[in-house]
*Asks:* 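Input: one structure, supplied below.
Both ligands and their constituent atoms are indexed starting at 1 by order of listing. Computed over heavy atoms, backbone and side chain alike; hydrogens, waters and symmetry mates excluded.
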Amino acid sequence: MSALIPRPRRSVAGGAVLVPDWLDLDEQRGLVEACRGWVRGPVPMRAARLPTGHAMSVQTVCLGWHWQPYRYSRTADDAGGGRVLPLPEWLVQLGKRAVADAYGNRVVGAEYEPDAALINFYDGTARMGMHRDQEERSDAPVVSLSIGDTCTFRFGNTENRGRPYTDVELESGDLFVFGGPSRFAYHGVPKVLPGTADPDCGLVSGRLNITLRVTGLADPR
Ligand code: MD3
Ligand code: FE
């Protein structure tokens with residue numbers, strides 16, 4: 001929700017920059033519409049199954065590279081076997097602009113070349129436990145875009161799942177970039193706050209998070 005007093009941009013830790021309200025409502029609706037297209041296939045949105053046998057409560061669809069616990073592939077071997085959709089060039093360009101804006105550095109933004117996106121959907125009860133993203137063979141930043149209901153995002157440390165951590169509310173339209181010393185920090189989403197989204201963001205309920213990543217992977221040749 002756009003505030004009477006704008007929330008300031010904030011550096012939460014080294015390399016971790018939150019830019020509130022980075023996406024306007026038109027851009028949010030456009031991304032929601034794009035997500036509606038991507039989940040039509042060839043790979044369905046699904047709750048990934050963890051090695052424990054438990055399904056995640058978050059539902060995910062990927063672009064560029066398919067992620068499953070805990071590897072990337074070009075085919076969705078745990079979700080029907082379809083070939084993952086390409087990462088569209090307009091989303092690559094959005095990622096470059098995101099990095100440039102968050103770090104205030106046009107060169108670093110221009111050099112950012114994401115090759116994968118994970119689109120996570122949270123219903124009102126979904127959560128994501130504390131984890132590190134370490135399947136990528138690159139230390140390039142992760143770009144996160146939030147749309148829909150506000151969540152509590154927990155940003156931890158690089159050593160363990162516990163304290164110290166910082167809880168931050170992520171609202172619809174917020175950009176968060178995680179690079180440098182923050183790239184391999186533990187993080188999670190302990191809570192979604194139902195009914196908090198701007199009705200004009202394109203989502204009636206729930207929360208979408210789009211992350212852009214550099215996998216550092218190459219196809220075999
Ligand atoms: C910090 N997603 O997809 S976004 C994930 O809101 C993931 O869906 C959460 O954690 C979500 O892996 C959090 C913020 C985020 C994403 C990736 C990171 C923070 C990160 C990677 C490294 C460090
Ligand atoms: Fe993550």
*Asks:* Rounded to the nearest 0.5 Å, what's the gap from CH2 on W65 to CZ on R71? Could you check?
*Replies:* 11.0 Å

*Asks:* Counting from 1, what ligand 1 atoms have a heavy atom of T211 closer than 4.0 Å?
*Replies:* 16 (C)

*Asks:* Between ligand 1 and S144, is the shortest N or O to N or O distance under 3.5 Å?
*Replies:* no

*Asks:* Do D101 and W22 get their side chains close enough for a donor-acceptor pair, meaning under 3.5 Å?
*Replies:* yes

*Asks:* Examine the side chains of T60 and N120 and answer whether a donor and an acceptor come within less than 3.5 Å of each other.
*Replies:* yes

*Asks:* Can you tell me which residue and heavy atom of the protein come closest to atom 6 (O) of ligand 1, and the distance to 0.1 Å?
*Replies:* R207 NH1, 2.8 Å

*Asks:* Tell me whether the guanidinium CZ or amine NZ of R207 lies under 6.0 angstrom from the six-membered ring centre of Y122 and within 45° of its axis.
*Replies:* yes

*Asks:* Tell me the protein heavy atom at minimum distance from atom 5 (C) of ligand 1, and give that distance in Å.
*Replies:* R213 NH2, 3.2 Å

*Asks:* Quick one: angle H131 NE2 - the Fe ion (ligand 2) - H187 NE2, to the nearest 10°?
*Replies:* 90°

*Asks:* Which option out of M128, Q134, H187 puts a heavy atom nearest to atom 20 (C) of ligand 1?
*Replies:* H187

*Asks:* Do E169 and T152 pair up side chain to side chain, a donor and an acceptor below 3.5 Å, judged on atom types alone?
*Replies:* no

*Asks:* Which residue holds the protein heavy atom closest to atom 12 (O) of ligand 1, what is that atom called, and what is the gap in Å?
*Replies:* D133 OD2, 2.8 Å

*Asks:* Run down the list F155, F178, F176, Y122 and name the one with the heavy atom closest to atom 15 (C) of ligand 1.
*Replies:* F178

*Asks:* Less than 6.0 angstrom from the centroid, inside 45 degrees of the normal: does R154 satisfy that with respect to the ring of Y165?
*Replies:* yes

*Asks:* Do H66 and D77 have side-chain atoms, one donor and one acceptor, less than 3.5 Å apart?
*Replies:* no

*Asks:* Is R132 in contact with ligand 1, taking contact as a heavy-atom separation below 4.0 Å?
*Replies:* no

*Asks:* Assess F153 for proximity to ligand 1: is some non-hydrogen atom of it under 4.0 Å away?
*Replies:* yes

*Asks:* Give a yes or no on whether the backbone of P20 and the side-chain of R7 come within a donor-acceptor separation of less than 3.5 Å.
*Replies:* no

*Asks:* Restricting to N, O or S, what is the name of the atom of D133 that lies nearest the Fe ion (ligand 2)?
*Replies:* OD1

*Asks:* Taking heavy atoms and a distance under 4.0 Å, where does S182 meet ligand 1: side chain, backbone, both or neither?
*Replies:* backbone

*Asks:* What protein heavy atom sits nearest atom 2 (N) of ligand 1, and how far off is it?
*Replies:* N120 ND2, 3.6 Å

*Asks:* So which heavy atom in the protein is nearest atom 22 (C) of ligand 1, and how far is it from that ligand atom?
*Replies:* R183 O, 3.0 Å

*Asks:* Side chains of Y70 and L50: closer than 4.5 Å at any heavy-atom pair?
*Replies:* yes

